[in-house]
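Computed over heavy atoms, backbone and side chain alike; hydrogens, waters and symmetry mates excluded. Order of the sequence lines fixes the chain letters, A, B, ..., with proteins taken first and strands second; residue numbering starts at 1 for each chain.
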Protein chains: 2
Amino acid sequence: MPSLTEQIECWLKEQLIRSRENILEIKRSELAQEFDCVPSQVNYVLETRFTVERGYLVQSRRGGRGFIRIIKLQMDLPEQLQLLRDSIGASISQGQAENILLHLAEEGLLNRREKRVLQAAISRDNLKVALPLRDMIRARLLKAMLLALLGE
Amino acid sequence: MPSLTEQIECWLKEQLIRSRENILEIKRSELAQEFDCVPSQVNYVLETRFTVERGYLVQSRRGGRGFIRIIKLQMDLPEQLQLLRDSIGASISQGQAENILLHLAEEGLLNRREKRVLQAAISRDNLKVALPLRDMIRARLLKAMLLALLGE
DNA sequence: CGGACTTTGACCTTTCCTGACCTTCATATA
DNA sequence: TATATGAAGGTCAGGAAAGGTCAAAGTCCG
């Protein structure tokens with residue numbers, strides 16, 4: 001018997017596929033009711049199964065007419081992305097990061113404008129945070145930005 | 001179904017576009033009647049959706065012949081950049097930053113890819129730093145990225 | 001047994017919408 | 001002219017309806 005988390009994960013992916021779209025909008029409380037669990041269980045599923053790393057974007061709004069939106073990123077370059085994720089890891093230096101950008105630019109996956117933006121975001125002068133932390137923030141940002149870019 | 005706020009927001013923007021001008025004048029009470037809501041709802045929409053960050057100016061007059069005037073700001077790049085630098089300051093919330101991105105995207109200064117990248121870089125989920133610092137890092141990154149993008 | 005993963009629930013924050021009450025202004029009128 | 005009046009718009013607090021957070025408790029598996 002699959003765990004609750006897996007059931008919800010499956011159901012959401014099913015909906016995503018069935019709707020033939022890459023966007024799914026749900027109500028947290030309704031979904032929770034459907035699976036007879038607490039609403040925060042939905043957050044757990046989203047946090048562990050629908051991460052940027054796995055190719056999903058999650059947006060939400062609170063309050064009246066609130067919602068949760070799950071967006072499946074189209075990854076036409078899965079192996080490249082996998083490679084990127086691996087080479088970035090949990091922490092990365094500015095030099096390493098710049099090498100990656102260079103490489104991607106050479107491959108034509110990044111235009112000049114885009115490269116400049118990424119470059120700005122990973123620069124130590126702009127991050128201005130002390131060192132163990134800085135490389136970790138840079139890694140997270142770089143991964144998220146590249147996924148946003150390359151995942152359709 | 002969109003929220004009342006969204007409906008009113010849409011209607012106003014529609015009018016702005018349709019009139020082919022950058023100025024729209026309305027009567028608060030009439031608009032409220034049209035949408036069957038209290039007049040202060042209109043203020044709510046104006047305060048949250050037609051801010052300077054999003055590129056709008058709102059003027060009004062009370063009393064007899066009172067009115068509300070919505071002006072869509074049209075500025076050239078250097079002006080925009082100056083305004084951006086000022087409004088970002090040394091620290092900025094995710095919401096404010098998103099308003100700016102929305103504004104720039106609407107102006108056509110940011111395409112969808114670019115907007116997604118910037119969005120990723122300012123997201124609290126990706127920054128993952130505690131709060132006073134997070135807003136400061138976001139401000140620095142946003143300024144640097146916009147400069148890289150628009151400053152040429 | 002111990003660590004990793006799940007599940008739960010109490011409490012928090014954000015967003016939207018309303019209504020009571022306040023301020024301002026053009027104009028009619030004394 | 002001075003003032004009264006009614007017709008605007010403005011403010012603010014409160015309530016309801018979402019979703020978010022976090023830590024404790026439970027489960028599973030090596």
Going by heavy atoms closer than 4.0 Å, what residues in residues 25-37 of chain B are next to DNA chain C?
B/Cys37
Got a donor-acceptor contact below 3.5 angstrom from the A/Ser40 side chain to the A/Asn43 backbone?
no
Atom pair distance, as rounded to whole Å: CG in A/Asn43 and P in C/dC12:
17 Å
Any residue of residues 123-136 of chain B with a heavy atom less than 4.0 Å from an atom of DNA chain D:
none
Looking at CD1 of A/Ile23 and CD1 of A/Ile71, how far apart are the two atoms once the value is rounded to the nearest 0.5 Å?
5.0 Å
Cluster question for you: counting only ILVMFWY and a side-chain heavy-atom cut-off of under 4.5 Å, with indirect links fine, are B/Leu102 and B/Leu142 together?
no
Looking at A/Ser123 and A/Ala120, would you say the former's side chain and the latter's main chain have a donor-acceptor pair under 3.5 Å?
no
Could B/Glu107 and B/Lys72 be called an ion pair, given the rule that one side-chain N must be under 4.0 Å from one carboxylate O?
yes
Ignoring hydrogens and geometry, is there a side-chain-to-backbone donor-acceptor pair from A/Arg61 to A/Phe67 under 3.5 Å?
no
Rounded to whole Å, the CD-P distance (A/Glu47 to D/dG19) equals 15 Å
Main chain of B/Glu9, side chain of B/Arg49: is a donor-acceptor contact present, judged purely on distance under 3.5 Å?
no
Do you reckon B/Met136 sits in the same ILVMFWY cluster as B/Leu118, going by side-chain contacts under 4.5 Å, direct or chained?
yes
Would you say the side-chain atoms of A/Lys27 pair up with the backbone N or O of A/Gly66, donor to acceptor, closer than 3.5 Å?
yes
Report the distance from atom CZ of B/Phe50 to atom P of D/dG10, rounded to the nearest whole Å.
14 Å
Using a cut-off of less than 4.0 Å, is there contact between a side-chain N or O of A/Ser60 and OP1 or OP2 of D/dG20?
yes
Whole Å only: how far is the CZ atom of A/Phe67 from the P atom of D/dA18?
13 Å
Looking at A/Arg69, I'd like to know if its CZ atom is crowded, meaning that more than 12 non-hydrogen atoms belonging to other residues, nucleotides or ligands lie closer than 6.0 Å.
yes
In whole angstrom, give the distance that lies between atom CD1 of B/Ile68 and atom C1' of C/dT23.
15 Å
Enumerate all atom pairs, one protein N or O and one N or O from nucleotides 24-30 of chain D, separated by less than 3.5 Å.
none

Quick one: does A/Glu114's side chain have a donor or acceptor within less than 3.5 Å of a partner on A/Asn111's backbone?
yes
When you check every protein heavy atom under 4.0 Å of nucleotides 24-30 of chain C, what one-letter string (B, S, -) results, 5' to 3'?
BBSS---
Please list, for nucleotides 19-21 of chain C, all pairs of protein and nucleotide N/O atoms separated by less than 3.5 Å.
unit_1, atom_1, unit_2, atom_2, d
C/dG19, N7, B/Ser40, OG, 3.4
C/dG19, O6, B/Ser40, OG, 2.6

Considering only Ile, Leu, Val, Met, Phe, Trp and Tyr, and joining two whenever side-chain heavy atoms are under 4.5 Å apart, list the other residues clustered with B/Val45.
B/Leu4, B/Ile8, B/Trp11, B/Leu12, B/Leu16, B/Leu24, B/Ile26, B/Leu31, B/Phe35, B/Val42, B/Leu46, B/Phe50, B/Tyr56, B/Val58, B/Ile68, B/Ile70
Is there a side-chain contact between B/Ile137 and A/Lys128 (heavy atoms, below 4.5 Å)?
no
Within one Ile-Leu-Val-Met-Phe-Trp-Tyr cluster: A/Ile17 and A/Leu73, side-chain cutoff 4.5 Å:
no
Please determine whether a side-chain nitrogen or oxygen atom of B/Tyr44 lies at a distance below 4.0 Å from atom OP1 or OP2 of C/dC16.
yes
So for atom CD, which belongs to B/Glu106, do other residues, nucleotides or ligands contribute more than 12 heavy atoms lying within a distance under 6.0 Å?
yes
Integer-rounded Å distance: D/dG10 P and B/Leu46 CG:
8 Å
More than 12 foreign heavy atoms under 6.0 Å from CD of B/Glu6: is that the case here?
yes
